[in-house]
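Keep in mind it's a predicted model, so treat the numbers as computed, not measured. Position 1 is the first residue of the sequence, and the numbers go up from there.
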Amino acid sequence: MKPKKNEVSLTPIIQNIKTLVNQSKRKAEKAVSQELIHTYWEIGKIIVELEQLGTVSTRQLILNLSKELSQQLGKGFSRANLHNMRSFFLKYPDYQSLSKQIGWSHICELVSIEDESERAFYEKEVIDARWSVTELKRQINSSLFERLLLSKGKINKQQILKLAEEGQTITQAGDIIKEPYVLEFLGIPENKPILEK
């Protein structure tokens, strides 16, 4: 329906407002994700510092923390997640060097990789190829890094190691990574299924 002579069409105004709101939501998601990562790194640091006191085993410490934190703060403090926080602190002493495109779910997968070159390779691929967590898991489980190293001899090995350091050059900006952990971190109840969209 066309606007009358003196009426203003709301369509471009509504589109402009929708764009502004969506941009703000993306900025908020990034900010929450970065704060969550910072908090989990700090928790990992606390766990490692407590371990160094030597009063209790790592396993028992994480078990006790998980029980208490889950009761007092709710979800997000499972033994597995606390173990990931500990590993995150140990494997990323300078976590701020991580790309802001890498969310906690990706970090949980990356900290399971012991070899630094291999971890760096997968980090770069998450960023450059915009891998979902599912795709990252699939590539790790299929031993992509090792298969690439073994193929085509010494020259390929040098190229793969270079790729692990520098990554591929991709010009498109990646989408925001949706993080299920953000809901727990913010205390948002999961009364019904929440979809990425």
Treating Asn16 as the side-chain partner and Pro12 as the backbone partner, does any N or O pair qualify as donor plus acceptor under 3.5 Å? no
All heavy atoms of Tyr92 vs all of Leu110, minimum pair found to be OH-CB, 3.8 Å
- Same cluster (ILVMFWY, side-chain, under 4.5 Å), Val48 and Leu63: no
- Message: For residues Leu10 and Leu20: do they belong to one hydrophobic cluster (side chain heavy atoms under 4.5 Å, members Ile, Leu, Val, Met, Phe, Trp, Tyr)?
- Response: no
Are any side-chain N or O atoms of Ser70 and backbone N or O atoms of Lys67, one a donor and one an acceptor, separated by less than 3.5 Å? no
inquiry  = Check Arg86 with Glu51, please: is the shortest side-chain N to carboxylate O separation under 4.0 Å?
reply    = yes
With no hydrogens and no angle check, just 3.5 Å: does a side-chain donor-acceptor pair link Gln60 and Asn64?
yes
| query | Looking only at side chains, do Glu42 and Tyr95 share a donor and an acceptor under 3.5 Å apart? | reply | no
- Task: Look at the side chain of Ser78 and the backbone N and O of Asn81, then say whether any donor-acceptor pair between them is shorter than 3.5 Å.
- Result: yes
Tightest non-hydrogen contact, residues Ile127 and Ser99, listed as CD1-CB, 3.2 Å
ask   = Counting distance only, does the side-chain N/O of His106 pair as donor-acceptor with the main-chain N or O of Trp131 below 3.5 Å?
value = yes
Legend entry - CD (Glu116) with more than 12 external heavy atoms under 6.0 Å: no
>> Using side-chain heavy atoms (C-beta onward) and a distance below 4.5 Å, is Asn22 in contact with Thr19?
In response: no
N/O donor-acceptor pair under 3.5 Å between Ser33 side chain and Glu29 backbone: no
Indicate the ring-plane relationship of Phe145 and Tyr122, choosing parallel, tilted or perpendicular according to the 30° and 60° boundaries. tilted
_Whether the Trp104 and Asn84 side chains hold a donor-acceptor pair (N or O, under 3.5 Å, no angle test) is what I'd like checked._
no
(Q) Donor-acceptor check, side chain of Arg79 to backbone of Ser66, threshold 3.5 angstrom: yes or no? (A) no
Query - Heavy atoms of other groups near Lys137 NZ, more than 12 under 6.0 Å - result: no
